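Encoded as structure tokens, the structure appears first; notes follow it.
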Amino acid sequence: ESQRSLIIVSKMKIPYRGKDGNMKEGTFSNVYFHLSDKCVEKQDPYFITSLVFCPTDLKGHLRPEHCECMSAASIKF
């Protein structure tokens, strides 16, 4: 359950299919993932979770189960 309440925000270019049916390259925009290997790897198999960090101003809002989940994913907080 704590995985569902934590998200990772990453700037990515997501390809999409244009009106002509051809694949187009999107612009950089925020993409949101649940803190779950399957969710992140689905969009970016080369994403390195251990490079993710938690901003200082959010640390006080984390519950123990969030900390456990983040530690298991090697996220710095």
Side-chain angles (χ1 to χ4, degrees):
E1 184 62 32
S2 60
Q3 287 181 326
R4 299 304 242 161
S5 63
L6 292 174
I7 61 167
I8 294 174
V9 181
S10 179
K11 281 208 180 287
M12 299 177 73
K13 284 186 176 183
I14 303 288
Y16 65 95
R17 192 167 302 281
K19 291 181 182 179
D20 61 2
N22 293 323
M23 292 304 292
K24 310 280 185 187
E25 185 173 298
T27 59
F28 276 109
S29 60
N30 285 341
V31 180
Y32 302 87
F33 305 104
H34 289 107
L35 182 57
S36 160
D37 291 341
K38 291 178 185 170
C39 186
V40 176
E41 288 177 8
K42 181 178 175 183
Q43 288 293 334
D44 186 356
Y46 301 106
F47 190 87
I48 302 171
T49 310
S50 62
L51 295 178
V52 174
F53 72 96
C54 178
T56 306
D57 58 333
L58 294 179
K59 291 179 184 179
H61 300 283
L62 296 174
R63 297 191 313 237
E65 58 268 25
H66 292 138
C67 295
E68 290 174 18
C69 189
M70 290 171 61
S71 291
S74 300
I75 294 176
K76 301 169 189 76
F77 61 98

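Quick note: numbers below take in every heavy atom, side chains included, and nothing from hydrogens, waters or symmetry partners. Given the structure is predicted, the values throughout are model-derived calculations rather than measurements.
- Note that the SG atom of Cys69 and the CZ atom of Arg63 stand 11.0 Å from one another [nearest 0.5 Å].
- The salt bridge (charged side-chain N to carboxylate O under 4.0 Å, His left out) analysis of residues 9-19, with sequence neighbours excluded, yields the pairs Lys13-Glu25.
- Rounded to the nearest 0.5 angstrom, His34 NE2 and Leu6 CG are separated by 9.5 Å.
- Side-chain contact check for Ser10 versus Asp44: every heavy-atom pair is 4.5 Å or farther apart.
- For the atom pair Thr27 OG1 and Tyr16 OH, the distance stands at 8.0 Å (nearest 0.5 Å).
- No more than 12 heavy atoms of other residues, nucleotides or ligands lie within 6.0 Å of NZ in Lys42, so this atom counts as exposed by the packing criterion.
- Here Asp20 pairs with Lys24 under the salt bridge (charged side-chain N to carboxylate O under 4.0 Å, His left out) rule; sequence neighbours left out.
- What you find for Cys54 and Ile75 is that their closest heavy atoms are N-CG2, 4.5 Å.
- Here OH of Tyr32 is found 13.0 Å from CD1 of Ile8. Values are rounded to the nearest 0.5 Å.
- Between Met12 and Phe47, the closest side-chain pair of non-hydrogen atoms is not below 4.5 Å.
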